[in-house]
A.B. asks: 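Structure below; questions to follow.
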Amino acid sequence: LADRAFPELSGGEQQKVLIARALATGARTLLLDEPTSALDARHVLVLHRVLRRLAERGFCVLVVLHGLEEAHRHADRAVLLADGRVHDAGPAGQIVAPGPVREIYGVDLRANAGLGLFLPKEVS
């Protein structure tokens with residue numbers, strides 16, 4: 001991608017460049033707003049793996065997501081917003097759960113209702 005101008009890149013390629021730029025700063029705190037929005041499934045999983053490893057090394061990683069499944073699967077803690085205000089916050093498994101999700105968003109959250117995608121074990 002180094003030979004192509006940023007505006008010539010696809011949305012997903014631009015997203016990866018912006019994430020790489022944020023990581024290259026060496027900042028110990030990362031605030032990412034919808035970082036997976038333009039990424040394909042593999043790159044979503046790779047990004048979450050990278051973010052998990054950074055968090056395990058003591059980085060503060062704050063990610064804004066609209067995908068409840070993604071938040072439930074990858075977050076340690078979650079905050080649910082309604083009308084621009086914090087409605088609920090705490091461990092992701094308790095917050096991204098049927099009760100709070102139905103109360104706030106008016107949808108039913110069902111465990112194991114969708115496909116599960118995982119990186120092969122040989123991918124680091």
A.B. asks: Is the closest side-chain heavy-atom distance between Glu69 and Arg73 below 4.5 Å?
C.D. replies: no

A.B. asks: Measuring from atom CG of Asp33 to atom CG of Leu62, what distance do you get when rounded to the nearest 0.5 angstrom?
C.D. replies: 9.5 Å

A.B. asks: Between Gln15 and Leu39, is there a donor-acceptor pair closer than 3.5 Å when you use the side chain of the first and the backbone of the second?
C.D. replies: no

A.B. asks: Determine whether Ile95 and Val79 make a side-chain contact, defined as any pair of heavy atoms from C-beta on separated by less than 4.5 Å.
C.D. replies: no

A.B. asks: Will you find, in the side chains of Glu70 and His48, an N or O donor that is under 3.5 Å from an N or O acceptor?
C.D. replies: yes

A.B. asks: Is any NZ, NE, NH1 or NH2 atom of the basic residue among Lys16 and Asp40 found under 4.0 Å from an Asp or Glu carboxylate oxygen of the other?
C.D. replies: no

A.B. asks: Working to the nearest 0.5 Å, report the span between CD of Glu56 and CG of Leu54.
C.D. replies: 9.5 Å

A.B. asks: May I ask you to test the Glu13-Glu8 pair for a side-chain heavy-atom distance under 4.5 Å?
C.D. replies: no

A.B. asks: Rounded at 0.5 Å granularity, tell me how far CD1 in Ile104 sits from CG in Leu80.
C.D. replies: 4.0 Å

A.B. asks: Against Cys60, only a single residue in Leu30, Leu31, Thr29 fulfils side-chain contact (heavy atoms from CB on, under 4.5 Å); can you say which?
C.D. replies: Thr29

A.B. asks: Indicate yes or no: at least one non-hydrogen side-chain atom of Arg52 is less than 4.5 angstrom from one of His74.
C.D. replies: no

A.B. asks: Between Val63 and Pro35, is there a side-chain heavy-atom distance shorter than 4.5 Å?
C.D. replies: yes

A.B. asks: With heavy-atom distances below 4.5 Å as the criterion, would you say the side chains of Leu18 and Phe6 are in contact?
C.D. replies: yes

A.B. asks: Any idea which heavy atoms bring Pro100 and Ala97 closest together, and the distance?
C.D. replies: CD-O, 3.3 Å

A.B. asks: Can you name the nearest heavy-atom pair linking Ala78 to Val96, along with the distance?
C.D. replies: CB-CG2, 3.8 Å

A.B. asks: Compare all side-chain heavy atoms of Leu32 with those of Val64 and state whether any distance is below 4.5 angstrom.
C.D. replies: no

A.B. asks: Going from CZ on Arg28 to CZ on Arg57, what distance comes out if it is rounded to the nearest 0.5 angstrom?
C.D. replies: 7.0 Å

A.B. asks: Would you compute the distance between atom CG of Leu81 and atom OH of Tyr105 and round it to the nearest 0.5 angstrom?
C.D. replies: 6.0 Å

A.B. asks: Looking only at atom types and distance, does a side-chain atom of Gln14 sit under 3.5 Å from a main-chain N or O of Gly11, one as donor and one as acceptor?
C.D. replies: no

A.B. asks: Where do Ala71 and Ala92 come nearest, in terms of heavy atoms and distance?
C.D. replies: O-CB, 4.2 Å

A.B. asks: Decide if atom CZ of Arg102 counts as having more than 12 heavy atoms of other residues, nucleotides or ligands within a radius under 6.0 Å.
C.D. replies: no

